Amino acid sequence: MEDSTAAAAAATPNANVLEAKDGTISVASAFPGHQEAVQDRDHKFLTKAVEEAYKGVECGDGGPFGAVVVQNDEVVVSCHNMVLRNTDPTAHAEVTAIREACQKLNQIDLADCEIYASCEPCPMCFGAIHLSRIKRLVYGAKAEAAIAIGFDDFIADALRGTGFYQKAQLEIKKADGTGAVIAEQVFEKTKEKFAMY
């Protein structure tokens, strides 16, 4: 493998060439200026997400959060928080953007898309991003910036493994007995009728 690593390094002299334990070779930057190009691109789309955050507040639609879904370097949708306008606590910018992108593209799998968020997404939004299979997330502000002005729904610590900002006001109980059995049977009884992707 040393020969192939040397060959990769020689072919791309300005790149960082790494060899993994399994023998695969990765080239961190295929051409000079690659990192700068990625940063400029990210800055452009992140700026649009931040503009959406301002727009949402100015319209009175919701909190200062924006999100942009991008496919092949083109904006698919640009959205902001719609919690107040829709009277919907789940209408965060990222969720709204994912919903609108799925509608516009007529698909539920956004694996060929990226999302730019003005702020670190809450666990609900991280979940929506994960479920939509978006391939890349770029966010601007850390959750603490929103927490500092009174937003307490981030529970970002749930993702980080700490508990400083978490609230323990919700009782969670898993059903047992017949309730659990009939709920679990739904999956077995519908698997033939519902195919995933």
Side-chain angles (χ1 to χ4, degrees), residues 28-162 164-167 197:
S29 178
F31 59 91
H34 176 71
Q35 294 295 340
E36 292 81 5
V38 170
Q39 285 177 344
D40 289 347
R41 182 179 171 282
D42 286 350
H43 180 75
K44 177 176 88 171
F45 294 125
L46 189 57
T47 298
K48 187 143 186 68
V50 170
E51 288 168 0
E52 278 290 338
Y54 282 115
K55 180 179 171 184
V57 172
E58 289 167 15
C59 297
D61 288 345
F65 306 98
V68 174
V69 174
V70 174
Q71 181 187 56
N72 300 324
D73 287 334
E74 296 291 328
V75 172
V76 176
V77 293
S78 182
C79 300
H80 54 262
N81 183 290
M82 299 288 283
V83 167
L84 299 177
R85 175 159 190 173
N86 294 352
T87 319
D88 177 358
T90 69
H92 290 197
E94 299 90 336
V95 171
T96 301
I98 289 167
R99 288 173 179 162
E100 289 190 17
C102 288
Q103 288 290 311
K104 186 171 182 179
L105 298 172
N106 195 31
Q107 60 192 47
I108 60 170
D109 186 335
L110 301 178
D112 58 347
C113 296
E114 300 166 273
I115 191 164
Y116 291 81
S118 62
C119 186
E120 179 180 5
C122 73
M124 176 186 70
C125 293
F126 270 120
I129 291 164
H130 172 74
L131 290 172
S132 68
R133 293 176 166 52
I134 285 175
K135 67 180 176 182
R136 186 167 181 260
L137 159 68
V138 177
Y139 68 87
K142 291 183 73 174
E144 285 78 7
I147 292 166
I149 65 164
F151 286 91
D152 63 358
D153 58 344
F154 272 87
I155 57 171
D157 296 331
L159 300 170
R160 297 177 183 160
T162 61
F164 187 73
Y165 295 111
Q166 290 181 28
K167 288 184 173 182
Y197 305 102

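Nothing here was measured: the structure is a model prediction, and the numbers come from that model.
- The shortest non-hydrogen separation linking Leu46 to Val138 is CD1-O, 4.3 Å.
- For the pair Leu105 and Cys113, the minimum side-chain heavy-atom distance is below 4.5 Å.
- Among Lys48, His43, Glu94, Arg41, the single residue meeting the side chain to side chain donor-acceptor pair (under 3.5 Å) criterion with Tyr116 is Arg41.
- Between Asp73 and Lys44, no side-chain nitrogen of the basic residue sits less than 4.0 Å from a carboxylate oxygen of the acidic one, so the salt-bridge criterion is not met.
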Just distance, no hydrogens or angles: give the donor-acceptor pairs under 3.5 Å from side chains in residues 77-88, sequence neighbours left out.
from: Ser78; atom 1: OG; to: Glu52; atom 2: OE2; distance (Å): 3.0
from: His80; atom 1: ND1; to: Glu52; atom 2: OE1; distance (Å): 2.7
from: His80; atom 1: NE2; to: Asp61; atom 2: OD2; distance (Å): 2.7
from: Asn81; atom 1: OD1; to: Gly63; atom 2: N; distance (Å): 3.2
from: Asn81; atom 1: OD1; to: Val83; atom 2: N; distance (Å): 3.0
from: Asp88; atom 1: OD1; to: Thr90; atom 2: N; distance (Å): 2.8
from: Asp88; atom 1: OD1; to: Thr90; atom 2: OG1; distance (Å): 2.6
from: Asp88; atom 1: OD2; to: Thr90; atom 2: OG1; distance (Å): 3.2

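- Using a 4.5 Å heavy-atom cutoff, the side chains of Pro64 and Phe151 are in contact.
- Remark: the backbone N or O of Ala143 is paired with a side-chain donor or acceptor of Glu120 at under 3.5 angstrom.
- Remark: Asn72 CG to Glu114 CD distance equals 9.0 Å, nearest 0.5 Å.
- To the nearest 0.5 Å, atoms CZ (Arg136) and CG (Asp42) are separated by 4.0 Å.
- The minimum heavy-atom distance linking Ala101 with Val69 is given by the pair CB-CG1, 3.9 Å.
- Judged by distance alone, the side chain of Asp109 and the main-chain N or O of Ala111 form a donor-acceptor pair under 3.5 Å.
- For Ala93, the side chain to side chain contact (heavy atoms under 4.5 Å, CB included) partners two or more places apart in sequence, or in a different chain, are Phe65, Ala67.
- For the residue pair Ile129 and Pro121, the shortest heavy atom distance occurs at CD1-CG, 4.1 Å.
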